[in-house]
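The sequence lines fix the lettering, A, B, ..., with proteins before strands; numbering per chain opens at 1.
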Amino acid sequence: MIDINLIREKPDTIRQMLLARQMDASPVDQVLQLDEQRRALIQQTEVLKAERNQVSKEISKMKDAAARQISIGAMRSVGDRIAALDEELRRVQNQLDDLMAFIPNLPDPRTPLGKDEHDNVVIKTVGEIPRFDFEPKPHWDLGPALGIIDFEQGVKITGTRFYVLSGAGARLQRALIAWMLDLHARQGYTEKYTPFMVKGDTLMAAGQLPKFYDNLYKDHEEDLWMVPTAEVPLTGLHINDILDEASLPRYYTAYTPCFRREKMSAGRDVRGIKRGHQFDKVEMYIFCKPEDSPAAFEKMVADAEQTCAGLGLTYRVLQLCTGDIGFGSSITYDIEVWAPGCGEWLEVSSVSNVTDFQARRANAKYRPADGGRARLMHTLNGSGLGMPRTLIAVLENYQQPDGSVVVPEVLRPWMGGIDVIRP
RNA sequence: GGAGGGAUGGCCGAGCGGUCUAAGGCGGCUGUCUUGAAAACAGCUGUGGGGUUACACCCACCGGGGGUUCGAAUCCCUCUCCCUCCGCCA
């Protein structure tokens, strides 16, 4: 949620912002109109409430029964008018809230203008595209041949786009998760284990609802939703909290599976484990003071890069353009690793400064050390990293001519003596 | 799943239709006193909204939502969460 004062004071800025995000700018005018109605109604209703409060107080002291009845009668009709105005106010407020809930965050001035992902900017590439003296295989060939990925079993028990990891494959993914969590701990993040299901309010605070309703899995009888990312429960940790300034910044990291409905098009990314309704991810999350969020963003990008570098993967950093950054983000860098088997760059991380957008929805504030009014925090999130794709990159980059896969050095402590995965 | 008991300001805790403008205490802040500190004393001490150049002032908030009433922390309905006991369960 953005600050409605921004729309009041700088409607043109917001219109331009929506256009830069390839969205319709007309909600701005609707918001302005409803906001005006809302304030007019508040003023009317509050004048009446002040009157009722005062007269009711006088009634309690009245001795004269007749005069008392007259005042009671008068206040009864005032009460009716208040009820009618409040009803109208509620209606206007709801309309306003609905509109505001669909207005995205203001992009950072450094976010480049652009229409879609083609306008994203490559900031840097780290490492060389590896050369193989044999034809590197894609993971959908490597995995089944090694007996570590079973697509048929996934389809059998759940359906298309699900798979089963087996033996060293399952273990390798677990090693990746454990190594990443330990790395982030060394980088200063506190590990959290959160519920994988949350209530609707939590999704609202994180900005997933109402906009991404269609993308979420929900229990059919209770208000329980499967998390689409650990960002959601981590944001939820400080809903309605006022934290001490001294306790900021808060760095959190969490592993969760992620569940996304995603209407996936038939022809796209169908092969392998790149895209599915369920995937594992290690997430980084920061709550901080507004003035600290640009530096926190740089840190988080560096921390995500370290994860790729630690695995010895070639990667590049992209800055997303206005047409491609997420709904709540002001600035986003994606990190992509090179997968030689499928011959493409795979997005394994997306790091965003969400500024106060989630904090306003979540009512997540901090108390300045000087004791002043509570202020909204800034929040940042970033993958560190997304699992199936990291697994793909490891398998495809570390494959040998004979189809075996060398386990990266850093993961070996979790592999139970398996240094090379063989059929 | 069943029965009962709870939810009040940063914390503890009173209030159970009308000086609630929420008692009292603790904590915190400021001041007086003091060389400094402690003690004592005095004052202040939340959130959101409306309004104002800024004040003033006004409205709402006693777990959430709805209702009764001229008037609700207080009465009614409903939901959530916590505690105790029973049942079930990895």
**Any-strand Watson-Crick or G-U partner of A72(B), both distances under 3.5 Å** = none
**Prompt:** Paired with C41(B): which nucleotide, if any, by Watson-Crick or G-U wobble criteria at under 3.5 Å for both distances?
**Reply:** G31(B)
**Item:** Side chain of Gln43(A) (C-beta onward), nearest among C59(B), G18(B), G50(B)
**Value:** G50(B)
**Request:** Please check the phosphate of C70(B) (OP1 and OP2 only) for any side-chain N or O of Lys61(A) closer than 4.0 Å.
**Result:** no
**Item:** Residue matched to C61(B) through Watson-Crick or wobble contacts both under 3.5 angstrom
**Value:** G46(B)
**Request:** Round to a whole Å and report the spacing from CG of Asp86(A) to P of C61(B).
**Result:** 11 Å
**Prompt:** Tell me: CD1 of Ile82(A) to P of A60(B), nearest whole Å?
**Reply:** 9 Å
**Asked** Is it the case that Asn94(A) and Arg91(A) place a side-chain donor and acceptor less than 3.5 Å from each other?
**Response** no
**Asked** Taking the side chain of Arg76(A) as heavy atoms from C-beta outward, which of G46(B), G48(B), C70(B) is closest to it?
**Response** C70(B)
**Prompt:** Just checking, is any N or O donor in the side chain of His238(A) or Tyr252(A) under 3.5 Å from an acceptor N or O on the other one?
**Reply:** yes
**Message:** Given the structure, check if the side chain of Arg68(A) and the base of G18(B) hold any donor-acceptor pair shorter than 3.5 Å.
**Reply:** yes
**Phosphate contact (G66(B) OP1 or OP2) by Arg90(A) side-chain N/O below 4.0 Å** = yes
**Request:** Whole angstrom is fine here: how far is it from CD in Glu46(A) over to P in G48(B)?
**Result:** 16 Å
**Message:** Counting only side-chain nitrogens and oxygens, does Arg52(A) get under 4.0 Å of the OP1 or OP2 atom of C58(B)?
**Reply:** no
**Request:** Report yes or no: is the cationic atom of Lys299(A) (NZ for Lys, CZ for Arg) under 6.0 Å from the centre of the six-membered ring of Tyr251(A), at an angle within 45° of the ring normal?
**Result:** yes
**Request:** Using a cut-off of strictly less than 4.0 Å, decide whether Arg81(A) has a side-chain nitrogen or oxygen near OP1 or OP2 of C70(B).
**Result:** no
**Prompt:** When you check the side-chain N and O atoms of Asp86(A) and Thr45(A), is any donor under 3.5 Å from an acceptor?
**Reply:** yes
**Prompt:** What's the CD1-P distance between Ile42(A) and C59(B), to the nearest Å?
**Reply:** 14 Å
**Asked** Who is the Watson-Crick or G-U wobble partner of C85(B), with both distances under 3.5 Å?
**Response** G2(B)
**Prompt:** In whole angstrom, what separates Asp35(A)'s CG from G50(B)'s C1'?
**Reply:** 11 Å
**Asked** With both distances under 3.5 angstrom, what nucleotide forms a Watson-Crick or G-U wobble pair with A54(B)?
**Response** none
**Request:** Verify the contact: side-chain N or O of Arg38(A) to OP1 or OP2 of G50(B), cut-off strictly under 4.0 Å; return yes or no.
**Result:** yes
**Upstream residue (5' side of RNA chain B) when Ile72(A) and Lys199(A) are each assigned their closest nucleotide** = Ile72(A)
**Asked** Considering only side-chain heavy atoms of Asn53(A), which listed nucleotide, U47(B), C70(B), A60(B), is closest?
**Response** A60(B)
**Prompt:** Atom CD of Gln44(A) to atom C1' of C59(B): distance rounded to whole Å?
**Reply:** 14 Å
**Asked** If you measure from the C1' atom in G27(B) to the same atom in C12(B), how many Å do you get, rounded?
**Response** 10 Å
**Item:** Test item: side-chain donor near acceptor, Thr229(A) and Lys281(A), under 3.5 Å
**Value:** yes
**Message:** How many whole angstroms separate atom CG of Leu48(A) from atom P of G71(B)?
**Reply:** 13 Å
**Message:** Is it the case that atom CD in Glu36(A) sees more than 12 heavy atoms from other parts of the structure closer than 6.0 Å?
**Reply:** no
**Request:** Kindly point out which of U47(B), C58(B), G18(B) is positioned nearest to the side chain of Arg367(A)?
**Result:** U47(B)
**Prompt:** Among C70(B), G50(B), C59(B), which is the nearest nucleotide to the side chain of Ser56(A)?
**Reply:** C70(B)
**Value in whole Å for how far the P atom of C61(B) lies from CG of Asn240(A)** = 18 Å
